Amino acid sequence: MLKFSCFVIAVVAALCVRAQGTGNIDHFIVKENLIKNGKLAIIATDAEERPNEAVSGTFQFVINGFKQALQFHEGVAITSHPIETSAFVFIKHRNQQGSHGRLYFVWKRDQGLQPIAINWYFLILVPAIILLIAYLFKRIMVLAIIVLVALFVYNYSKGLDLENIFETIAHGIKSFI
């Protein structure tokens with residue numbers, strides 16, 4: 001009887017641990033809140049970007065360098081501050097498996113917000129192509145440098161700094177490997 005009781009307790013404990021593991025956030029996407037109030041909705045997903053409704057509770061996120069505790073209900077959390085203008089938004093979540101981050105450009109229009117995911121390889125590819133063209137055609141070297149500086153100033157004015165760029169590239173390389 002004691003062996004049977006120990007076996008039942010071990011099985012129940014294993015099931016409880018397994019049930020708690022389904023509430024982790026390993027992947028997420030960002031969309032506009034359904035009530036169109038200028039706030040972003042962060043949706044917990046699986047690897048194929050299907051919503052994970054098993055996620056509920058409070059999770060720590062870093063949004064553009066600021067820590068925020070987001071309350072998830074059935075896999076969806078709403079950010080506390082509305083987006084006033086178009087801007088870059090870097091969202092990062094850290095759990096036991098590591099950190100997961102994504103870079104978005106949130107385009108504010110009259111119809112609402114449109115988050116556009118920016119892949120890490122574009123952050124490397126665009127400046128590399130501009131530098132390659134400048135290297136091939138030496139006469140436009142000054143123009144290429146001016147374009148790169150203008151691109152950096154524009155990105156910085158919209159909230160994208162070097163730390164977010166390097167973190168996005170690091171997260172992308174880590175997920176690629």
Side-chain angles (χ1 to χ4, degrees), residues 25-51 59-70 76-95 97-177:
I25 299 175
D26 291 329
H27 303 281
F28 58 87
I29 58 174
V30 173
K31 300 219 179 215
E32 182 182 15
N33 191 4
L34 289 176
I35 58 175
K36 305 247 185 225
N37 59 357
K39 295 182 180 179
L40 295 175
I42 298 175
I43 303 169
T45 63
D46 58 6
E48 287 84 32
E49 293 192 350
R50 291 183 303 232
F59 293 89
Q60 292 293 324
F61 277 78
V62 177
I63 300 176
N64 280 355
F66 298 102
K67 282 188 177 183
Q68 288 188 4
L70 297 178
V76 178
I78 307 299
T79 59
S80 58
H81 301 293
I83 302 291
E84 298 295 328
T85 62
S86 298
F88 286 98
V89 178
F90 181 70
I91 301 173
K92 181 171 68 170
H93 171 66
R94 179 170 288 145
N95 59 18
Q97 288 79 24
S99 64
H100 311 281
R102 294 191 74 174
L103 180 65
Y104 289 90
F105 181 75
V106 180
W107 185 20
K108 183 163 177 125
R109 303 182 303 173
D110 292 336
Q111 297 86 6
L113 301 176
Q114 180 181 2
I116 302 167
I118 298 176
N119 291 323
W120 63 274
Y121 46 84
F122 286 125
L123 297 175
I124 296 174
L125 196 61
V126 171
I129 288 173
I130 292 172
L131 289 176
L132 179 67
I133 291 171
Y135 179 73
L136 292 175
F137 304 104
K138 303 271 192 237
R139 291 185 180 186
I140 61 171
M141 180 69 81
V142 173
L143 179 65
I145 291 172
I146 292 172
V147 167
L148 284 174
V149 168
L151 184 66
F152 177 75
V153 168
Y154 174 76
N155 290 341
Y156 188 76
S157 70
K158 295 293 183 181
L160 183 63
D161 57 358
L162 287 176
E163 180 183 354
N164 290 346
I165 291 172
F166 291 135
E167 257 188 289
T168 302
I169 292 170
H171 282 286
I173 292 172
K174 188 170 55 172
S175 68
F176 184 71
I177 293 177

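Along the sequence shown, residues are numbered consecutively beginning with 1. The structure displayed is predicted, hence computed values, not measured ones.
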| message | For His27 and Thr45: C-alpha separation, side-chain torsions, deciding distance, then whether side-chain contact (heavy atoms from CB on, under 4.5 Å) applies. | response | CA-CA 5 Å; His27 303 281; Thr45 63; 3.4 Å; yes

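- For Ile124, the side chain to side chain contact (heavy atoms under 4.5 Å, CB included) criterion is met by Trp120, Ile169, not counting sequence neighbours.
- Looking at Thr168 and Phe90, their side chains come closer than 4.5 Å, going by heavy atoms from C-beta outward.
- Residues meeting the salt bridge (charged side-chain N to carboxylate O under 4.0 Å, His left out) test with Glu163, sequence neighbours left out: none.
- With sequence neighbours excluded, the residues satisfying side chain to side chain contact (heavy atoms under 4.5 Å, CB included) with His93 are Ile25, Phe28, Phe59, Phe61, Asn95.
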| Trace of the side-chain contact (heavy atoms from CB on, under 4.5 Å) decision for Glu167 with Lys92 | CA-CA 9 Å; Glu167 257 188 289; Lys92 181 171 68 170; 2.7 Å; yes

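- Residues Leu160 and Leu103 are in side-chain contact: their nearest non-hydrogen atoms beyond the backbone lie under 4.5 Å apart.
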Please tabulate, for side-chain N and O atoms in residues 146-156, each donor-acceptor pair with protein atoms closer than 3.5 Å (sequence neighbours left out).
| residue | atom | partner | partner atom | Å |
| --- | --- | --- | --- | --- |
| Asn155 | ND2 | Leu151 | O | 3.3 |

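- Here the shortest heavy-atom pairing between Ile78 and Ala41 reads CD1-CB, 3.7 Å.
- Leu40 places none of its side-chain heavy atoms less than 4.5 Å from the side chain of Asn33.
- Qualifying ring-ring contact (aromatic ring centres under 6.0 Å, His included) partners for Phe105, counting only residues two or more places apart in sequence or in other chains: Phe88.
- Counting heavy atoms of neighbouring residues, nucleotides and ligands inside a 6.0 Å radius, atom NZ of Lys31 does not exceed 12 of them.
- Between Ala69 and Gln60, the shortest heavy-atom contact is CB-NE2, 3.4 Å.
- Taking the side chain as every heavy atom from C-beta outward, Ile42 and Thr79 approach each other to under 4.5 Å.
- In this view, Asn119 and Tyr121 satisfy the side chain to side chain donor-acceptor pair (under 3.5 Å) rule, not counting sequence neighbours.
- Residues satisfying the salt bridge (charged side-chain N to carboxylate O under 4.0 Å, His left out) criterion with Glu84, sequence neighbours excluded, are absent altogether.
- Counting heavy atoms from C-beta outward, His81 and Gln68 have side chains that approach closer than 4.5 Å.
- Each of Val30, Val89, Ile29, Ile91 was checked for a side-chain contact (heavy atoms from CB on, under 4.5 Å) with Pro115, and the lone residue meeting it is Val30.
- In plain terms, the two heavy atoms of Gly38 and Leu113 that are nearest each other are O-CD1, 3.3 Å.
- Across every non-hydrogen atom of Val62 and Lys67, the tightest pair is CG2-CG, 4.1 Å.
- Legend: residues meeting side chain to side chain contact (heavy atoms under 4.5 Å, CB included) with Phe137, ordered by chain and number and at least two apart, are Ile133, Ile140.
- The minimum heavy-atom distance between Asn37 and Pro82, with the atom names listed, is O-CB, 3.9 Å.
- For the salt bridge (charged side-chain N to carboxylate O under 4.0 Å, His left out) condition, the pairs that include at least one residue of residues 102-119, sequence neighbours left out, are Glu49-Arg102.
- Put simply, CD1 on Ile118 and CG on Leu123 are 6.5 Å apart, with the number rounded to the nearest 0.5 Å.
- To the nearest 0.5 angstrom, Trp107 atom CH2 is 15.5 Å from Ile83 atom CD1.
- The salt bridge (charged side-chain N to carboxylate O under 4.0 Å, His left out) check on Arg94 picks up nothing, with sequence neighbours excluded.
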